[in-house]
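Here is the structure we will look at, set down as structure tokens.
Each chain gets a letter, A, B and so on, in the order the sequences are listed, and its residues count up from 1.
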Protein chains: 2
Amino acid sequence: MSLTRTRARRATINDVARAAGLSRGTVSRVVNGEKYVSEEARQAVEEAIAQVGYVRNSAARNLVKQESRAIGLIIHEPHSLLFEDPNIGSILLGANEVLSKADYQLVSLIIDSDRDSRRVADYLRGGLVDGAVIISARASDPIAAAVAEIGLPAAFVGHPDGTPDLPYAAINNEEAARNITGRLLGTGRQRVGMIASALDRDSGQDRLAGFRAAMGGKFDPALVVEYPLYTYAAGLEGMQELLRREPAIDGVFAASDAVAAGAMTALQEAGRRVPEDVGIVGFDDSSWALRCRPQLSTVRQPADLLGSTAAELVLAQLNGLPGTPRVLDTTIMWRGSA
Amino acid sequence: MSLTRTRARRATINDVARAAGLSRGTVSRVVNGEKYVSEEARQAVEEAIAQVGYVRNSAARNLVKQESRAIGLIIHEPHSLLFEDPNIGSILLGANEVLSKADYQLVSLIIDSDRDSRRVADYLRGGLVDGAVIISARASDPIAAAVAEIGLPAAFVGHPDGTPDLPYAAINNEEAARNITGRLLGTGRQRVGMIASALDRDSGQDRLAGFRAAMGGKFDPALVVEYPLYTYAAGLEGMQELLRREPAIDGVFAASDAVAAGAMTALQEAGRRVPEDVGIVGFDDSSWALRCRPQLSTVRQPADLLGSTAAELVLAQLNGLPGTPRVLDTTIMWRGSA
DNA sequence: TGTATCTCTGTGAACGTTCCCAGAAGACCG
DNA sequence: CGGTCTTCTGGGAACGTTCACAGAGATACA
């Protein structure tokens, strides 16, 4: 396979030592900024490093130190969501900020196939990272199992059940869904439906459960449609279906803002006014919310905080502390759509 | 710092050898699936592995093999774009697919501060990856310099100038902008403006240059507004500003679909009909395009192909081949907005 | 029977660091 | 002057693999 690989041998610490007329040990001390090295030696080493073009080999270092100072972040999302779900970016940035301050390198690993799944598991097991943050895991996720098996310090974003007992940073989807549905009902709506999504995930299940709880006796299974993903397309189709089933529908809870945006388009194309004819609420308070006309009433979920909190849970374990699960608060952002 | 780190010592290949009553070498051969090992030995080793819970230490392996079978993907984007720009996700997935097939692990490293920049440079230099894909680099990017310095096989997505001479996968932004502007003019528009963005990047510069070229003598600097980022907000404000400057404006080229979506909202709020009163075209053919009403006429840019092509360029270099730059085709998607 | 070939196993050396200990040299003190 | 302490340097050992080589035993063939 590899034909004419002619990359020159990299300079090692020994080359530097030779060029500086000093020993390996002294060079190592300079490179790591330790004390007990004379000013004279330090300069000689620095010159030698520049001269031979030395850069430290991390594999060798990781081997002897038995740590990598890197944390993996596993993204296990279906294709379309990587583009549509703005939460992922926020989670990433939140985690990165915390880890960066603690001088850990965040490495993101995406899983898009079974082959990826195995390779990522090997990557984590191999000691290339000291810990892991797992987002959007589902029940019986092989990665989560691999992590648990080798006792790698890890944390979930979200709280899927059926996964190993690891700390997590999550929001209470059920409660939040219950609250915003209640608020929607408070505007006097009589026939309220839901576009549910992602029922293979805890968030999807819990949002549906919250809706159901808030509806109480008014709950009508015919007014719930289900789609596999939190997408704009799901909202578009879902709303059309709901209108078909119940033309008198006057309220909708969409499982996410993207879904709500699709639903709003469907409503407007069907000639319904929002919020006069139909009130609509979403979930996430993503950039979608401010983009809709009227702007969306929705649940604000602190995505960046979820990421940073999960990162902190991993760091805590690295320091021998327990790392207890944390549930973060959500707030309702009441705007013009209901 | 680390208080009671009690993680048990991991089993090594020697532990397995001892448990199986065989040698290091034989265990290594089994683990790597080499031939010349008896069925009997293979079974003994596999049982021993399960018994002692062995997993291979990648640092040791990388050290002796002098390779990591990982490729870094460096994301250097301002905060907001990680959420709004759907191209990044596509590029990522495209690169991942190619690398995954070649059995390389894609590791994404995001840069969000100067501290990150230094750490990522160290990560790349340290030999933890065998190559790198760099997206959205700007002139004088420290990462690009670090990569060039150590001769790491690498490729850009996009073609920033002022960066080291590395292969790249790109589109011809200038030509594409020229073409779609020409098409817009072809619908009989008289007063055509542009909402330009990201002029610190080659894509931003080139799209503006293409617009200018297509306009020829009709080009009016007063009808060009500039914003730092390709965002919905830029489109919203930019369109309002253009309407203020020239109420009779009847055509707009927005530097990206997100910008175009913002502009369309602004137009509709100002009571202008699209496309009757004002024609509008975008760039990217992202998920925004189909979401607008009317749907957006725009330039289709093959983001996933950009990612996969860049990955292929890195793989080529790994195999001792040259890795020549590639410019991919764009196509105009003509829909209802102009 | 001798020899060539194939299959299988064990072991020393190497990869490039960090850690630890020994020891030299000088400063300080009683 | 003898002892202790501090500063600085060198080098052996270890981290956990893979690789190359040597050699044992079995098989095949002339």
Side-chain angles (χ1 to χ4, degrees), chain A residues 2 5 7-46 48-49 52-69 122-123 125-128 130 150, chain B residues 2 5 7-46 48-49 52-69 122-123 125-128 130 150:
Chain A
S2 102
R5 182 109 50 111
R7 236 154 103 222
R9 194 185 68 88
R10 288 168 52 154
T12 76
I13 207 173
N14 287 308
D15 299 328
V16 176
R18 204 171 313 117
L22 286 162
S23 77
R24 216 174 1 117
T26 304
V27 175
S28 175
R29 275 182 286 265
V30 171
V31 169
N32 293 301
E34 290 172 21
K35 58 178 199 169
Y36 292 150
V37 27
S38 66
E39 189 49 38
E40 197 189 337
R42 186 180 308 279
Q43 286 199 5
V45 168
E46 272 161 8
I49 286 178
V52 304
Y54 169 74
V55 324
R56 178 207 271 150
N57 181 315
S58 298
R61 172 173 233 245
N62 292 351
L63 176 58
V64 46
K65 298 206 77 158
Q66 300 279 63
E67 66 163 14
S68 65
R69 295 208 75 82
D122 282 349
Y123 195 90
R125 275 199 286 254
L128 263 20
D130 295 340
I150 60 160
Chain B
S2 99
R5 183 106 52 107
R7 229 148 109 229
R9 196 184 68 87
R10 290 170 50 158
T12 76
I13 207 174
N14 287 307
D15 299 329
V16 177
R18 204 172 312 119
L22 286 162
S23 76
R24 218 171 3 116
T26 304
V27 176
S28 176
R29 276 182 284 266
V30 171
V31 170
N32 292 301
E34 290 172 20
K35 59 177 198 171
Y36 293 149
V37 28
S38 65
E39 190 49 39
E40 195 189 342
R42 188 179 307 278
Q43 287 201 5
V45 168
E46 271 160 8
I49 284 177
V52 305
Y54 169 74
V55 325
R56 178 209 272 152
N57 181 316
S58 298
R61 170 173 234 245
N62 292 351
L63 176 58
V64 46
K65 298 207 77 161
Q66 299 280 63
E67 66 163 16
S68 64
R69 294 209 77 81
D122 282 349
Y123 195 89
R125 275 199 286 254
L128 264 18
D130 295 341
I150 60 162

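Heavy-atom distances to DNA chain C give each of B:R24 and B:G21 a nearest nucleotide, and the one nearer the 5′ end belongs to B:G21. For the pair B:A60 and B:E34, both in contact range of DNA chain D, the more 5′-proximal nearest nucleotide belongs to B:A60.
For the pair A:N32 and C:dT18, the criterion of a side-chain N or O lying under 4.0 Å from OP1 or OP2 is met. The phosphate of C:dT18 has OP1 or OP2 within less than 4.0 Å of a side-chain N or O from A:R61. Listed pair B:T26 / C:dG10 meets the phosphate criterion, a side-chain N or O lying under 4.0 Å from OP1 or OP2. OP1 or OP2 of C:dG16 has at least one side-chain nitrogen or oxygen of B:Q66 nearer than 4.0 Å.
At the heavy-atom level, B:R56 lies under 4.0 Å from the strands shown only through sugar-phosphate atoms. B:A41 comes within contact range of the sugar-phosphate backbone alone, with a heavy-atom separation under 4.0 Å but no base atom that close.
Distances from the side chain of A:S38 to the nucleotides D:dC8, C:dT18, D:dT17 place D:dC8 closest. Nearest to the side-chain atoms of A:L63 among the listed nucleotides C:dG16, D:dG11, C:dT9 stands C:dG16. Distance from the side chain of A:V64 is smallest for C:dG16 among the nucleotides D:dG12, C:dG16, D:dC19. With D:dT18, D:dG16, D:dT9 as the candidates, the nucleotide lying closest to the side chain of B:K65 is D:dT18. Residue B:S23 has its side chain nearest to C:dG10 when only C:dG10, C:dC8, D:dG16 are considered.
Taking atom CD on A:E67 and atom P on C:dT18, their separation rounds to 12 Å, with Å as the unit. In this structure, the CD atom of A:E40 is 13 Å from the P atom of C:dG26, given to the nearest Å. In this structure, the CD1 atom of A:I13 is 14 Å from the P atom of C:dC15, given to the nearest Å. Here the P atom of nucleotide D:dG11 and the CZ atom of A:R29 are 11 Å apart, to the nearest Å. The distance between atom OH of A:Y36 and atom P of C:dC19, rounded to the nearest whole Å, is 16 Å. Rounded to whole Å, atom P of C:dT9 lies 13 Å from atom CD of B:Q43. Protein atom CG of B:D15 is 13 Å distant from nucleotide atom C1' of D:dC15, rounded to whole Å. If you take CG of A:L22 and P of D:dG11, they are 11 Å apart, rounded to a whole angstrom.
Nearest heavy-atom pair across B:V55 and A:R125 is CG2-O, 3.3 Å. A pairwise comparison of heavy atoms in A:A11 and A:V52 identifies CB-O, 3.6 Å as the closest pair. Scanning both residues, A:N57 and B:Q66, for their nearest heavy atoms gives ND2-OE1, 4.0 Å. In terms of heavy-atom proximity, A:L128 sits nearest to A:Y123 at CD2-CE1, 3.6 Å.
When the options B:T26, B:N32, B:V31, B:V27 are evaluated for a side chain to side chain contact (heavy atoms under 4.5 Å, CB included) with B:R29, the one that passes is B:T26.
Counting only distance, with no hydrogens or angles, the side chain of A:N62 and the backbone of A:A59 share no donor-acceptor pair below 3.5 Å.
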